[in-house]
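See structure below.
Quantities reported herein were computed from a predicted structural model and do not represent experimental measurements.
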Amino acid sequence: MPADVPELTHEREFLAEARYQLGRMRDRVAALDGRYAGDPVSADVLEAALARRMEQLTDDPEIPLFFGRIDVEESAETFHIGRRHVSDPDGEPMVVDWRAPVSTPFYRATPKEPMGITARRRYGFARGHLTGFEDEPLTGADLTTDGADAAAHSEILESEIERPRTGPMRDIVATIQPEQDVIVRMPLERTLVVQGAPGTGKTAVGLHRAAYLLYAHREQLTRRGVLVVGPNKSFLRYIRDVLPALGEIQATQATIEELVSSHAPVRGTEPADVATLKGDARMAAVLRRAVWSHIATPQDTLVLPRGSFRWRVPAYEAREAIEQIRSRDVRYALGGAQLRHALAHRVLVQIEETGDALDDRAWDVLARTKPVRDYAAAVWPVVDPRKLLLRLLTDPELLAGCAEGILSEAEQRLLAWDHPPRTAGSARWTTADVVLLDELADLLDRTESLAHIVVDEAQDLSAMMLRALGRRAATGSLTVLGDLAQATTPWASSDWSDVLGHLAKPDGHVEQLTAGFRVPADVIELAARLLPSIAPGLEPPTAVRRARGRLTITTAPLGDVLVGVAGLEGSVGLIVPDAAVPHVRGALAAADLTFAVVGEQDDERPGPDSDPDDASEFDAHLDLVPASLAKGLEFDHVVLHDPAGIVAAEPSHATGLRRLYVCLTRAVTSLVVRHEDDLPPELGPAASA
């Protein structure tokens with residue numbers, strides 16, 4: 001619509017008024033403080049709540065306050081749809097939160113199912129300034145067949161999807177598609193798997209689902225917690241702004257390594273076959289045996305002196321108490337506490353039979369006496385997870401006893417450490433080790449459960465990693481995001497039913513996204529040539545954008561290729577084999593190009609080739625991306641250097657092809673595949689034409 005029409009002027013005035021009212025709401029919260037609380041504890045709670053509310057009401061003038069409008073048929077009302085709720089001084093809504101039920105038709109209404117609205121309006125913005133709008137009629141005489149076809153395409157929607165990007169990932173709240181919205185609004189109690197092809201927005205859908213659930217179940221999720229788990233720190237930095245942009249600041253983010261690192265620092269690495277075995281679900285049974293093998297069979301009588309009496313609990317009664325406790329399937333540490341009270345109870349009964357009346361406090365006192373504690377500790381000793389795992393990995397006899405019938409002798413030898421550390425504290429624990437420590441810790445004491453967990457790139461997690469997540473959602477639910485075709489770890493899953501089983505959520509529901517809104521058609525079609533080799537059972541993705549993108553396959557010098565993309569608008573990702581990063585980095589520096597290296601912030605100290613003047617990842621126009629860290633990232637323009645080298649760097653050819661599939665599908669606008677050696681034959685002869 002032309003920019004000078006009265007309706008556009010009216011909408012701009014409405015936007016200005018909505019921003020003013022948002023500021024009024026923020027000022028009202030700012031005027032409150034802890035003095036209204038009744039005591040210091042309540043004051044602290046109130047001030048924390050007010051601080052969160054202030055942050056939720058923050059207004060970024062470059063982000064549209066609303067992006068759509070719906071006209072309701074019955075009431076003739078109109079509702080502006082935005083990222084957060086804004087009301088006038090009388091409490092009447094000016095902007096409705098996109099998560100509110102009234103907003104659902106904005107995402108799902110069609111001419112065939114208008115859902116009670118007569119029209120949908122989308123707004124175009126440039127740096128927060130309203131530039132235009134499109135109206136899509138959903139009912140009425142104007143809705144002809146041709147009109148319905150025309151309405152299926154939105155220039156504003158397409159331009160928002162293809163808008164050049166710099167910095168971390170943006171929210172997609174203005175462009176959520178009907179099939180995505182269905183997933184976002186699924187009930188909290190159901191664990192959901194989203195199998196999403198590249199460019200289908202599965203990561204964004206998962207984050208928006210977290211935001212929706214926090215809106216719909218605020219008290220429950222705030223009290224019990226929401227966690228977002230990503231594959232690496234760079235990925236978490238890439239998505240860090242999505243939830244805050246939607247007004248949600250209470251979800252925490254972590255990698256699986258960070259999640260379990262409280263048990264021990266990760267300081268070592270190990271061969272892939274060893275890590276794969278440690279990640280095998282069978283290790284859970286080995287660890288369970290190792291923990292419960294500590295319980296001894298009582299042979300002696302417990303003697304408890306009390307005054308001039310000697311109270312006794314025969315060994316057979318102690319054995320009966322242990323059998324009763326174990327039949328309850330309690331955690332090991334709790335079982336030890338219950339044994340002390342069971343022994344004390346038997347003494348208490350004897351005392352009461354003499355006519356001495358005691359209360360429950362006496363029972364607890366008896367359980368804490370030294371004879372009872374020492375006796376219980378001798379038959380049900382305290383277990384330290386790190387010391388136990390160290391013994392398992394360094395004591396072949398102990399491992400053989402715990403792994404009998406579970407692991408083969410060859411597998412047991414594979415687990416054994418060649419150079420055992422002297423103590424658990426000096427051990428160079430690997431990520432797989434620390435996940436085992438987490439399993440051991442849960443066998444001892446129950447892990448606290450969260451309300452909801454969103455886990456991305458879940459196909460790359462081992463069974464033991466999935467178990468670690470599952471127990472953290474034992475009384476909650478999960479949103480599991482991934483793509484089996486992008487599995488790039490030796491222990492990766494090949495079936496979502498296996499993933500749900502390891503998460504202890506076998507009744508979880510699987511949804512599949514195949515419509516690609518981000519990756520151009522030419523790029524999708526090239527990458528899809530790998531699917532018969534890497535995931536023959538998956539439905540190939542389809543690009544629904546009208547623009548097919550730009551795909552170039554060349555053997556030109558890398559410097560020439562970079563010159564060609566350096567002037568393009570938007571972000572540029574240069575994806576290279578990990579081993580080639582130092583060489584390519586030197587070439588970029590020699591060409592005097594400003595760039596950032598993805599993953600560099602993970603290092604505690606800068607490397608010898610680091611430049612203090614280098615930009616931060618995702619804030620630069622050009623990012624140098626190791627192939628192993630490309631998963632989940634998107635760039636307007638991608639230069640993929642040495643595809644054959646990316647394939648060859650992986651432990652197997654199949655894993656290498658999956659890594660290449662990931663790297664090929666990071667582009668939103670254009671892809672340049674730059675190679676010197678022959679392209680992998682799976683890409684087909686037409687690819688190099």
Could you pull out all residues at least two apart from [X] that satisfy side chain to side chain donor-acceptor pair (under 3.5 Å)?
X      : answer
Thr203 : Asp456
His641 : Arg674
Tyr123 : Glu11, His80
Ser497 : Asp495

For [X], give me all partners under salt bridge (charged side-chain N to carboxylate O under 4.0 Å, His left out), at least two apart in sequence or on another chain.
X      : answer
Arg190 : none
Arg185 : Asp181
Asp460 : Lys631
Glu189 : none

- Message: Salt bridge check, Glu634 against Arg666: does any charged N sit closer than 4.0 Å to a carboxylate O?
- Response: no
- In short, salt bridge (Lys or Arg N to Asp or Glu O under 4.0 Å) pairs touching residues 647-658 with sequence neighbours left out are Glu650-Arg659
- Name all residues meeting the ring-ring contact (aromatic ring centres under 6.0 Å, His included) criterion together with Phe67; count only those two or more places apart in sequence or in a different chain, and write none if there are none. Phe106
Which donor-acceptor pairs under 3.5 Å do the side chains of residues 506-520 make with protein atoms, sequence neighbours left out?
{"residue": "His509", "atom": "NE2", "partner": "Glu511", "partner atom": "OE2", "Å": "2.7"}

Sequence neighbours excluded and cut-off under 3.5 Å, please list the side-chain donor-acceptor pairs for residues 554-575, or say none.
{"residue": "Thr554", "atom": "OG1", "partner": "Ala556", "partner atom": "N", "Å": "3.0"}
{"residue": "Ser571", "atom": "OG", "partner": "Arg165", "partner atom": "O", "Å": "3.1"}
{"residue": "Ser571", "atom": "OG", "partner": "Asp636", "partner atom": "N", "Å": "3.0"}
{"residue": "Ser571", "atom": "OG", "partner": "Asp636", "partner atom": "OD2", "Å": "3.3"}

